[in-house]
Amino acid sequence: MIVYKFGGASVKDAAAFRNLFQILRGLPKNANPLVVVSAMGKTTNALEMCFGQAFKGESYAAAVQETRQYHDQILRELFPDPNHHVYEAVSSQFAQLEKTLHQTQPREFDRQYDQVISIGELLSSLILHHYLCQQGYQNQWLDARDYLRTDDTWREARLDWAWTEREIASKLPPILEKMAAVTQGFIGRTANGQTTTLGREGSDFSAAIFAYCLQAPALTIWKDVPGLLNADPKLFKDTIRYDEIAYQEAIEMAYYGASVIHPKTVQPLAKRGIPLYIKSFLHPEEPGTVIHNCQHDRIAPAYILKQNQCLLSFHTKDLGFITEQQLGTIFQAMGRYRLKINMMQNSAISFSACVDFDQARIDGLKADLATEFNILYNQPLWLYTIKNYDEPSLEKLTAGKEILLEQRSRLTFQFVCRPPESKKS
Ligand code: ASP
Ligand code: MG
């Protein structure tokens with residue numbers, strides 16, 4: 001029982017599809033993997049743009065056209081026969097996209113978002129399924145929504161674990177006994193049949209759900225980086241790769257914003273002791289990183305950056321001390337607006353919280369709490385975290401930065417600052 005997850009970069013063009021096939025071909029003869037795939041390249045962003053325009057009542061035709069051309073170009077390279085039925089399958093997804101965009105109303109943003117954005121994964125998985133078949137690699141296409149049951153927390157749907165596990169554990173093994181299967185990451189369905197998504201970058205989480213429910217011996221996530229690094233190489237110089245790290249360490253890194261794994265991915269795997277391999281799809285022969293049950297010495301400091309942050313501060317109106325009741329009111333409102341607190345601090349007459357910036361949510365929160373507090377906010381800001389920090393790493397990262405808020409515990413140092421001029425730290 002092998003579960004492989006391939007992200008957007010591993011299906012970003014025709015060469016990437018060919019490379020993916022080579023990786024599958026490298027498996028032993030009777031190993032039939034379950035392949036979980038993300039939308040191709042930057043398709044999710046492109047669909048977000050189409051939907052944003054439709055929602056505002058603007059023309060989305062050009063954005064749809066561009067997405068279509070991107071997919072068509074790859075199709076033509078992969079399928080020389082213009083009558084191949086993949087063309088029909090892709091056309092019907094685009095017809096569905098047009099229809100959904102056409103029906104978009106200026107309300108219920110999150111619900112409608114899920115109906116549109118999920119099409120990216122349907123497209124990529126259909127193309128991969130047909131491509132593998134064409135190459136003589138037998139596989140079944142599965143609609144992940146038939147297996148992942150969620151509630152209707154649109155854009156961040158919560159899984160019905162019991163239902164999902166029952167479906168996956170009973171229906172998938174008989175299929176995988178016969179052949180490989182290709183399915184989508186990121187998407188699920190409510191009990192009354194509406195499509196949901198699990199949160200941006202949620203395909204990793206989907207793969208972990210499948211691995212958990214199948215009690216798979218391992219999950220491998222194929223990436224464009226050589227493994228789990230101590231920093232994002234796009235943002236930091238001189239990164240190093242961890243050979244192995246413990247589940248808890250990985251969960252914390254993901255929580256602080258390490259972009260290599262979706263935060264919810266590791267927990268279900270840890271629960272069943274399923275090792276998670278993070279490997280490079282460009283160098284599949286290299287070891288990558290394994291996240292599993294292990295004891296290790298303190299690992300090299302990990303540098304994590306969250307951009308697009310906002311520092312909210314709540315001040316009592318009468319210069320009175322902040323009470324626990326008032327903190328309760330603030331937390332409840334933040335929960336209502338799904339504003340995630342990444343760091344917080346209180347003083348005598350104020351409370352500060354660093355959250356992911358979202359204008360609409362912050363406006364709602366401010367309106368709700370305006371009678372009780374004076375609320376100020378500051379953005380765009382960056383939040384840096386150093387896990388397992390030491391003095392040199394701390395000095396290196398803070399040098400020359402204007403720090404607005406900082407906090408340190410024994411192992412973790414965090415600070416909020418203005419974005420510096422240069423992006424590489
Ligand atoms: N395609 C979705 C996204 O880009 C999910 C994923 O790739 O994990 O967020
Ligand atoms: Mg992705």
Side-chain angles (χ1 to χ4, degrees), residues 3-13 16-17 20 34-52 63 66-67 70-71 74 90 93-94 96-97 100 109-110 112-129 143-145 147-148 150 153-159 182-189 195-212 219-225 228 232 234 250 254 257-269 276 278-279 281 306-308 338 340 356 358:
V3 184
Y4 275 2
K5 184 260 170 173
F6 289 94
S10 51
V11 282
K12 72 171 197 289
D13 53 26
F17 273 89
L20 192 165
L34 172 68
V35 178
V36 179
V37 69
S38 297
M40 287 150 58
K42 302 271 175 248
T43 299
T44 305
N45 292 348
L47 292 174
E48 279 188 347
M49 172 128 104
C50 298
F51 175 66
E66 202 179 306
T67 309
Y70 165 67
H71 283 78
I74 295 171
V90 166
Q93 290 302 326
F94 274 99
Q96 178 65 25
L97 173 64
T100 316
F109 183 96
D110 291 349
Q112 298 186 93
Y113 172 104
D114 281 357
Q115 313 316 306
V116 171
I117 305 308
S118 49
I119 293 174
E121 269 68 14
L122 293 170
L123 282 165
S124 62
S125 61
L126 281 166
I127 296 173
L128 180 61
H129 159 71
D143 189 330
R145 296 171 296 181
Y147 299 91
L148 271 62
T150 74
T153 311
W154 313 110
R155 298 180 67 183
E156 213 178 335
R158 276 186 277 260
L159 198 72
V182 172
T183 195
Q184 311 78 41
F186 185 50
I187 66 175
R189 193 187 272 138
T195 301
T196 52
T197 66
L198 305 177
R200 285 303 307 264
E201 305 302 329
S203 297
D204 290 353
F205 181 39
S206 299
I209 294 167
F210 279 110
Y212 174 91
L219 165 63
T220 305
I221 296 185
W222 296 91
K223 287 261 165 196
D224 56 356
V225 287
L228 183 64
D232 180 345
K234 292 186 199 99
S259 59
V260 73
I261 19 175
H262 182 275
K264 290 184 186 161
T265 307
V266 183
Q267 198 235 356
L269 301 174
L276 168 59
I278 299 184
K279 284 171 71 92
F281 59 76
K306 260 189 200 265
Q307 303 188 20
N308 198 27
R338 285 156 66 186
K340 291 206 189 71
D356 297 341
D358 181 313

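Start at 1 and go down the list; that is how both ligands and their atoms are numbered. Numbering of residues begins at 1 and proceeds along the displayed sequence.
The distance from ligand 1 to the heavy atoms of Ser38 drops below 4.0 Å at these ligand atoms: 6 (C), 7 (O), 8 (O). Of all atoms in ligand 1, numbered sequentially from 1 with element shown, those under 4.0 Å from a heavy atom of Ser203 are 5 (C), 6 (C), 7 (O), 8 (O). Heavy-atom contacts of Arg200 reach the following atoms of ligand 1: 3 (C), 4 (O), 9 (O) (cutoff under 4.0 Å). Taking every heavy atom of Glu121 and a limit of under 4.0 angstrom, the matching atoms of ligand 1 come to 1 (N), 2 (C), 5 (C).
At a threshold of 4.5 Å between non-hydrogen side-chain atoms, the residues Gln93 and Leu97 do not count as touching. Looking at Ser38 and Glu201, their side chains never come closer than 4.5 Å, going by heavy atoms from C-beta outward.
Distances between N or O atoms of Asp204 and those of ligand 1 include no value under 3.5 Å.
Neither the backbone nor the side chain of His262 has a heavy atom within less than 4.0 Å of ligand 1.
In this structure, Trp222 and Tyr4 have perpendicular ring planes: the angle between them is above 60°, well past the 30° mark.
Aromatic ring centres of Tyr113 and Trp154 lie farther apart than the 6.0 Å criterion allows.
When the options Thr196, Thr150, Leu122 are evaluated for a side-chain contact (heavy atoms from CB on, under 4.5 Å) with Arg145, the one that passes is Leu122.
Heavy-atom distances between Gly202 and ligand 1 reach below 4.0 Å in at least one pair.
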- Evaluate the salt bridge (charged side-chain N to carboxylate O under 4.0 Å, His left out) criterion for residues Arg155 and Asp110: first the C-alpha distance (whole Å), next the side-chain angles of each, then the deciding distance (0.1 Å), finally the verdict. CA-CA 6 Å; Arg155 298 180 67 183; Asp110 291 349; 3.2 Å; yes
